[in-house]
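Encoded as structure tokens, the structure appears first; notes follow it.
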Amino acid sequence: MYDLGYFRNHLDAITARLADRPFSVDVDAFRKLDGERRAAVSEAEALKAQKNAESAEIGKLKRAGQDTADKQQRVRELDELIAKLDDRASALDTEFRDLMSGIPNLPHESVPVGKSAADNLEVRRWGAPTEFKFEPKPHWDLGPDLGILDFERAAKITGARFVVYMGLGAKLERALINFMLDVHTKEHGYTEVLPPFAINSASLYCTGNLPKFEADLFKLQGTDYYLAPTAEVPVTNLYRDEVLDLDSLPIKLCAYTPCFRSEAGSYGRDVRGIIRQHQFQKVELVKFSKPEESYAELDKLTADAQDILERLGLPYRTVVLCTGDMGVNPAKTYDIEVWLPGQNEYKEISSCSNFEGYQARRASIRAKSGKSKAEHVHTLNGSGLAVGRTWLAIVENYQQADGSVVVPEALRSYMGTDIIRGVK
RNA sequence: GGAGAGGUGGCUGAGUGGUCGAAAGCAGCGGUUUGCUAAACCGUCGUAGGCCUUUAAAGUCUACCGGGGGUUCGAAUCCCCCCCUCUCCGCCA
């Protein structure tokens, strides 16, 4: 959501930059609707002012003991007129809001122009793709062979795109969660949050998941609650409708949650293994920043996520998403892609974004210090990391010729073992 | 699930039909006083939208006292529904 005054006054520049996404702002429709809406509001408000004045008059006359029947009748008639104008004004206002909330965020000036993932800009590469003296297997073979992943039973108890982790597989997931939370809280300065996993529609609206992406969510029947698609939603909404102390910024939070996504529209993509599931675990990083510091904070947040991969010895690269590949809500996004030998490619394991004031305006998250007027903060978030994808990256990168998996040094104290062998 | 009490500005809290966008206090901001600090005193201090204006400010209007509907010429105040918080009872990991 844009600031209306800013949007009006920078219409040409905004329209030009959004064309890079590509998104075409219907400028004529905007101007027309904005004009009609303002005219309708003015008209209705003028009548309301008249009505309020007459009502006050009636009060005075009554206290003076005079008859006011005529005046009351006139206000009643005025009221009918106002009701009609109000209906029109609010209909136009709703239409206008829908138009505005459908306009994607303005890409930051540092975001490269491009059409697809092929145009993303690589900004960092760490390590080299793992080399093997044998043919590496994908995790969907390694996992079941080791008895640590069970797709068939997951399909039985729930359905497709769910998985059961068994034994050391379950423990590896838990170890990763604890490892990530420990590094972020003890060394990167984040405060741990454990939010509700079910969230209401207002929260989803503020982060931009609703109304546009309702189809991607699981809704709890008979309630206004949805299963969280990411901890970004509950954690960003922590300070919805609040005025924070500017001096307390940046606020740095991290949260472990399961994430639930219906994956509507992704049929046929990543169908094998645990790359794309209806439920996956994630440790999320969220920041509330001063506007002037938000890009420095984005770089730090991205570095915090990369640090996890480096400690685990997993090769990765980081790209800036180009205008054509980024989501509608962020102003800038870094994707961190981990090397997966089983697929022979780099695959997204974290997405770190600066939303600037786009979410904060929807959610009314502001900050002030003493003399300053409350201003909207900038919100940022990124995966730190997607646990399931980290799990499979370890299994694939640390696999041995005999099918066992070496546990990365950093996880051994959490795992209580340095190797995962088959239980059969 | 049952019974009761509540939800008012950044915070605390008064306000049961018109003079209420809302007392008072705290915090903040500007100032006076003052070796410094503290204190005291004076002033100021909500948000959004419309009009006016080149913009902003100022001015003015509209809306907002948990959310939605209703009664009334007029609602923070009365009525209905919902949400949330607290207390007690029941149930329960």
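Below, chain A is the first sequence line, B the second, and so on; all start at residue 1. For clarity, every value in this text was computed on a predicted model and none was experimentally measured.
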Counting only Watson-Crick or G-U wobble pairs whose two distances fall under 3.5 Å, which nucleotide matches [N]?
{"N": "B:rG4", "answer": "B:rC86"}
{"N": "B:rC36", "answer": "none"}
{"N": "B:rA76", "answer": "none"}
{"N": "B:rA63", "answer": "B:rU47"}
{"N": "B:rC92", "answer": "none"}
{"N": "B:rC20", "answer": "none"}
{"N": "B:rG30", "answer": "B:rC42"}
{"N": "B:rA57", "answer": "none"}

Enter the distance from [X]:[atom1] to [Y]:[atom2] here, rounded to the nearest 0.5 Å.
{"X": "A:Y165", "Y": "A:R174", "atom1": "OH", "atom2": "CZ", "result": "14.0 Å"}
{"X": "A:K115", "Y": "A:D20", "atom1": "NZ", "atom2": "CG", "result": "10.0 Å"}
{"X": "A:E284", "Y": "A:C259", "atom1": "CD", "atom2": "SG", "result": "7.0 Å"}

request  = Give every residue pair that meets the side chain to side chain donor-acceptor pair (under 3.5 Å) criterion with at least one member in residues 1-16 of chain A, sequence neighbours excluded.
outcome  = A:R8-A:D34
Between [X] ([atom1]) and [N] ([atom2]), how many Å, whole number?
{"X": "A:R240", "N": "B:rC84", "atom1": "CZ", "atom2": "C1'", "answer": "13 Å"}
{"X": "A:I365", "N": "B:rG10", "atom1": "CD1", "atom2": "C1'", "answer": "16 Å"}
{"X": "A:Q72", "N": "B:rC73", "atom1": "CD", "atom2": "C1'", "answer": "5 Å"}
{"X": "A:K62", "N": "B:rG17", "atom1": "NZ", "atom2": "P", "answer": "15 Å"}
{"X": "A:K60", "N": "B:rG17", "atom1": "NZ", "atom2": "P", "answer": "20 Å"}

Roughly how many Å apart are [M] and [N], using the [atom1] atom of each and rounding to a whole number?
{"N": "B:rG30", "M": "B:rG46", "atom1": "P", "answer": "16 Å"}
{"N": "B:rU37", "M": "B:rG25", "atom1": "P", "answer": "25 Å"}
{"N": "B:rG17", "M": "B:rG9", "atom1": "C1'", "answer": "23 Å"}
{"N": "B:rU16", "M": "B:rA93", "atom1": "P", "answer": "47 Å"}
{"N": "B:rU71", "M": "B:rC79", "atom1": "C1'", "answer": "7 Å"}
{"N": "B:rA27", "M": "B:rA38", "atom1": "P", "answer": "12 Å"}
{"N": "B:rU60", "M": "B:rU8", "atom1": "P", "answer": "30 Å"}
{"N": "B:rC73", "M": "B:rG68", "atom1": "P", "answer": "23 Å"}

ask   = Residues in ring pair (Phe, Tyr, Trp, His ring centres under 6.0 Å) with A:H188, at least two apart?
value = A:H184
Ring-ring centroid check A:F96 A:F30, cutoff 6.0 Å = yes
key: Heavy-atom protein contacts under 4.0 Å, nucleotides 74-79 of chain B, coded B base, S sugar-phosphate only, - none   = S-----
task = Summarise protein proximity over nucleotides 43-70 of chain B in one line of letters, 5' to 3': B for base, S for sugar-phosphate only, - for none, counting protein heavy atoms closer than 4.0 Å.
result = ----S-BSS---------BBS-------
Under 3.5 Å, which donor-acceptor pairs link side chains of residues 228-237 of chain A to any protein atom two or more places apart or in another chain?
residue	atom	partner	partner atom	Å
A:T230	OG1	A:E232	N	3.0
A:T230	OG1	A:K282	NZ	2.8
A:E232	OE2	A:Q359	NE2	2.9
A:E232	OE2	A:N381	ND2	3.4
A:T236	OG1	A:E232	O	2.6
A:N237	OD1	A:R240	NE	2.6
A:N237	ND2	A:S203	O	2.9
A:N237	ND2	A:V233	O	2.8

query = Under 3.5 Å, side chain of A:R362 to main-chain N/O of A:T207, donor-acceptor pair present?
reply = no
request  = Just jot down the salt bridge (charged side-chain N to carboxylate O under 4.0 Å, His left out) partners of A:K252, sequence neighbours excluded, or say none.
outcome  = none
remark   = What one should report as the nearest heavy-atom pair of A:Q277 and A:E263 is O-CG, 4.1 Å
inquiry  = Give me the atom names and distance for the closest heavy-atom approach of A:L312 to A:A410.
reply    = CD2-CB, 4.5 Å
